[in-house]
2 protein chains.
Amino acid sequence: MRRSRQRDAILSVVKSTDCHPTADWVYHEARRRIPGLSLGTVYRNLKVLCELGWVRCYEGPGGVSRFDGAVATHHHFRCDRCGEMQDVDAPVDASLDRQVADRTGLDVRYHVLEFRGLCEGCRLERRRSSGSEVEDQH
Amino acid sequence: MRRSRQRDAILSVVKSTDCHPTADWVYHEARRRIPGLSLGTVYRNLKVLCELGWVRCYEGPGGVSRFDGAVATHHHFRCDRCGEMQDVDAPVDASLDRQVADRTGLDVRYHVLEFRGLCEGCRLERRRSSGSEVEDQH
DNA sequence: AGACATACTAATAACGGTTACCATTATTGA
DNA sequence: TCAATAATGGTAACCGTTATTAGTATGTCT
């Protein structure tokens, strides 16, 4: 695998934030350093970096992926309204995978635990705009 | 809200399987009863049924949603290769939400726990086609 | 340094699941 | 029965992502 300014920039952008950016966010941020950068290049390299294990990818509502430079297993909170993710320090129980594998016979490699609700901003936003809106399920 | 043959059929299809079908699968299945059924109608009603809480929706890789007629909280195994889901009888810890809420101040409503790996079929498939393929991360 | 092989890029078109639109149809309450 | 209007079918638009392709940059070998 060869090296490129573009890939370096993309990796550095993802590693330098904990906001769990979308591909589009990474694109705009990296373009500040490399103005001619193409969106396709961002997608291609994010995929490569995931396969290499340098970054992690979390797929979410609307088919939008979010990326994370923190590759150690940890859990997240995700907002049901805007889709933003943030880290959460819930305990990581690696033995869960083994337990489920033993009980089911499935080839369990890892698990994803995501807490859901409304983030601060969206809670305020919703309260302001309409107190009588459709309640979300769950 | 009015009633319609179409919505009845769609709900009944989702409720009558535990295969966690995609919208497309529901569409083809429901068309066996209502030949003129439109795909848009399936999507529109699945969304309504989710909002009513009659079915659950799990978004996954590739922007593909899967639906579940079992609305009681439970966890799943999802295949990294084909995306199929199946139920898993891992314990549901409702107190987790409270714990994370207390620790973070976030408005945690629920959580999603998904075990990942390769399903039976994909494991065989992968072994057959190539023993020297790229290993997946995690 | 120069030249070669080829991985990588930029630009753009295609793709696939989902949603929006709108004229027509079907359900419901009076 | 009949009017009001929610729901449908058909189709086009949407949007994040992926594929294509001609051209560029990188690493290697001499």
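In what follows, every chain begins at residue 1, and chains take the letters A, B, ... in the order their sequences are listed.
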Counting the atoms with a prime plus P, OP1 and OP2 as sugar-phosphate, which does Arg3(B) contact under 4.0 Å by heavy atoms, base, sugar-phosphate, or nothing?
sugar-phosphate
So where does chain B start and stop touching DNA chain C, 5' to 3', when the test is distance under 4.0 Å to a non-hydrogen atom?
dG17(C) to dT28(C)
Would you kindly give the CZ-to-P distance between Arg66(A) and dG16(D), to the nearest whole Å?
11 Å
Would you call Arg66(B)-Asp68(B) a salt bridge at under 4.0 Å N-O?
no
Length of the CG-P vector between Leu11(B) and dA7(D), whole Å:
15 Å
So what does Asp24(B) touch, heavy atoms closer than 4.0 Å: a base, only the sugar-phosphate, or nothing?
nothing
Does Ser38(B) have a side-chain nitrogen or oxygen under 4.0 Å from the phosphate oxygens OP1 or OP2 of dT11(D)?
no
Taken in chain and number order and not counting sequence neighbours, the residues that satisfy side chain to side chain contact (heavy atoms under 4.5 Å, CB included) with Val64(A) are Thr22(A)
Side-chain donor/acceptor of Arg44(A) to base of dT18(D), under 3.5 Å
no
Please confirm whether the backbone N or O of Asp89(B) pairs with a side-chain atom of Arg103(A), one donor and one acceptor, at under 3.5 Å?
yes
For Thr22(A), answer base if it contacts any base atom (sugar-phosphate contacts may also be present), sugar-phosphate if it contacts only those atoms, and nothing otherwise; contact means non-hydrogen atoms under 4.0 Å.
nothing
Measure the distance from CG on Leu39(B) to P on dG10(D) and round it to the nearest whole Å.
11 Å
